[in-house]
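Here is the structure we will look at.
Just so we're on the same page: letters track the sequence lines, and every chain starts at 1.
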Amino acid sequence: MPPPLPGTCISAGRALPCSTGCGRGSRRGRSSCASRTPIASAARRSRCKPSSTGCAGWGSPGTRARKWADRTRLTSRRSAWRPTRSTPRRSSPGAVPTGAIAPRSSSTSCASRRRARSDITTQHKELQDEVILRADGVPLYNFGAVVDDVEMGITLVARGDDHIVNTPRQILMYQALGYPVPTFAHLPMILGADKQRLSKRHGAVSVLQYRDDGYLPGALVNYLVRLGWSHGDQEIFSLQELIEKFDWEHVGDTAGVFNPEKLLWLNQQWIKATPVPELARHVAPLLAQRGVQVDSERLARVLPPIVERAKTLVDMAEQARTFFEKGVRFDEAAAKKNLTPDTRPLLVEARDLVARRIGEGPHALEQAFRELATQRGLGLGKLAQPVRVAVTGTTVSPPLFETLVLLGRDEALARIDAALARTGG
RNA sequence: GGCCCCAUCGUCUAGUGGCCUAGGACGGAGGCCUCUCACGCCUCAAACAUGGGUUCGAAUCCCGUUGGGGUCACCA
């Protein structure tokens, strides 16, 4: 075994200088003294990162943990270790025995999730001495986390399954420091499509990416919560419902694979259930990003027919922009098929109809188109499709007559004229 | 490898001993609706890893096996 690096550590067993073996090989024995921490309520673990904002007044976790180490005399003695050229000059404490904080012969239990009642017991002989400060005085994660949480008065620590092994170490630190041990709960992890765990170090995407991709915040939360928790057959939850209904009793045991398709579907459901003015607030910035400035009132009128055929806010922005722009870019294939000498007479008649009847609203316009189609012995589709291409440039759009009305008389006629110019007649 | 966690349709899951010839949702296939595309509606395919126990009865409880995952840092 390589000689342990100098640093400050606490012994998981009896008091032993960690520079001489980190407590390995000392007595072991049977058991008891398991502390149990039943899971009580729902809350997500939150932690301020040193670099993050919003921690004003707390100081950095690093600084605080270091102070604590001093205050609790965890760094009080010097060992035989001496700095070498390769170690930073500031590093001074060296290895220090800290006194036994838990007999090696016992075990520590923490509650996992699982019906809120299964405990995981760790034999202390499985634990290594815990280094809490690096040789240069920088506190390490498990110690920093405990100090941080004590200072913030955290009572429930809920995190991924991958933290299970950290839990007994942290419980021991709370006990050594004389602070009440919070409730610990562990949630199943989230796996990527490759079934590998999703983490900030593998495969994860910034949540902001989902915003940019047009997902409603509530939809993302809804999806993520359902991944690992369930409430009967219900799939769609408002944030309020989530708060009211979430319970540890129904948190699952198995890691879940992140399924983008289902997120997409859920986002669509959320879009359909979100009031138009609110959707407009989300879509406006996306349109602005595309160089389209809109007024919210008009946007709110344009959105309803789009809601039904959008899975994301980005879809909505893309579909909405045509209502704010002059003219249209024709999809060549669509134009080639629908704007032909054959359809020209139809388009001319349709133009006339639009010019005369558009002020009567979509229903009257549709009625007029149906009558015209019947007179020509055609189905409505034969007449509507060329007009759709003329007015939107594509074969896919919201209902034609609503589209025409939303466009307004001038713009609709201008687009039909532009299309007519392409029919080669 | 040690320790720990986990195991129902492709995926998310319901299921807490009889209500299960296993239910819902996403995705897939087919159909209806229809001015296009969607939405919506209907139908279909699709799962209890495996071997033992316990029990009148097991997807559910116990043990083993197999498989997957986590963790074994002066990273977080």
Is any side-chain N or O of [X] closer than 4.0 Å to OP1 or OP2 of [N]?
| X | N | value |
| --- | --- | --- |
| A:His250 | B:G15 | yes |
| A:Arg197 | B:C5 | no |
| A:Ser230 | B:A14 | yes |
| A:Arg134 | B:C75 | yes |

Exercise for the section: State which residues pass side-chain hydrogen bond (donor to acceptor under 3.5 Å, both in side chains) with A:Asp194; sequence neighbours excluded, sorted by chain then number. Expected result: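 If we apply the side-chain hydrogen bond (donor to acceptor under 3.5 Å, both in side chains) test to A:Asp194, skipping adjacent residues, the hits are A:His202.
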
The side chain of [X] is closest to which nucleotide in this list: [options]?
| X | options | value |
| --- | --- | --- |
| A:Lys272 | B:G40, B:C35, B:A7 | B:G40 |
| A:Asp162 | B:A38, B:C35, B:G70 | B:G70 |
| A:Glu308 | B:C3, B:C37, B:A38 | B:A38 |
| A:Thr254 | B:C4, B:G69, B:U8 | B:U8 |
| A:Asn166 | B:G69, B:C12, B:A76 | B:A76 |

Handout entry: Neighbour count >12 (heavy atoms, 6.0 Å) for atom CZ, A:Arg329
Key =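 Open.
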
Exercise for the section: Ignoring hydrogens and angles, state whether a donor on the side chain of A:Arg169 or A:Thr122 is under 3.5 Å from an acceptor on the partner side chain. Expected result: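 No donor-acceptor contact under 3.5 Å links the two side chains.
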
Practice task
Say whether A:Arg370 and A:Gln367, considering side chains only, have a donor N or O and an acceptor N or O under 3.5 Å apart.
Solution key: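 Result is no, nothing qualifies.
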
Exercise for the section: For the pair A:His231 and A:Trp229, name the ring-plane relationship: parallel under 30°, tilted 30 to 60°, perpendicular over 60°. Expected result: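 Plane angle under 30°, so parallel.
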
Handout entry: Residue closer to the 5' end of RNA chain B, A:His163 versus A:Gln385 (nearest nucleotide)
Key =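 Result: A:Gln385.
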
Practice task
May I ask you to list the residues of residues 367-383 of chain A, by number, that have any heavy atom positioned under 4.0 Å from an atom of RNA chain B?
Solution key: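 Within this stretch, A:Arg370, A:Leu380, A:Gly381 sit under 4.0 Å of the strand.
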
Handout entry: NZ/NE/NH1/NH2 to OD/OE distance under 4.0 Å, A:Glu325 and A:Arg415
Key =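 Salt bridge: no.
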
Problem - A:Glu241 bridged to A:Lys245 by N-O distance under 4.0 Å - result: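 So A:Glu241 pairs with A:Lys245 through a salt bridge.
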
Practice task
Summarise how protein sits on nucleotides 24-31 of chain B as a single string, 5' to 3': B when a protein heavy atom is under 4.0 Å from the base, S for sugar-phosphate-only contact, - for no contact.
Solution key: BBSS----

Roughly, in whole Å, what's the span from [atom1] in [X] to [atom2] in [N]?
| X | N | atom1 | atom2 | value |
| --- | --- | --- | --- | --- |
| A:Lys195 | B:G67 | NZ | C1' | 11 Å |
| A:Asp253 | B:U8 | CG | P | 10 Å |
| A:Trp229 | B:A14 | CH2 | P | 11 Å |

Handout entry: Touch class at under 4.0 angstrom, heavy-atom based, for A:Leu140 against every strand present
Key =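 If one applies the 4.0 Å heavy-atom cut-off, A:Leu140 turns out to touch the sugar-phosphate alone, with no base involved.
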
Exercise for the section: Answer with base, sugar-phosphate or nothing: what part of the nucleic acid does A:Gly228 contact at a heavy-atom distance below 4.0 Å? Expected result: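 Touches sugar-phosphate only.
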
Practice task
Please confirm whether any donor atom in the side chain of A:Arg309 sits under 3.5 Å from an acceptor in the base of B:C39, or the reverse.
Solution key: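 No.
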
Practice task
Determine the Euclidean distance between corresponding C1' atoms of B:A29 and B:U55; express it in Å to zero decimal places.
Solution key: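 It works out to 42 Å between them.
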
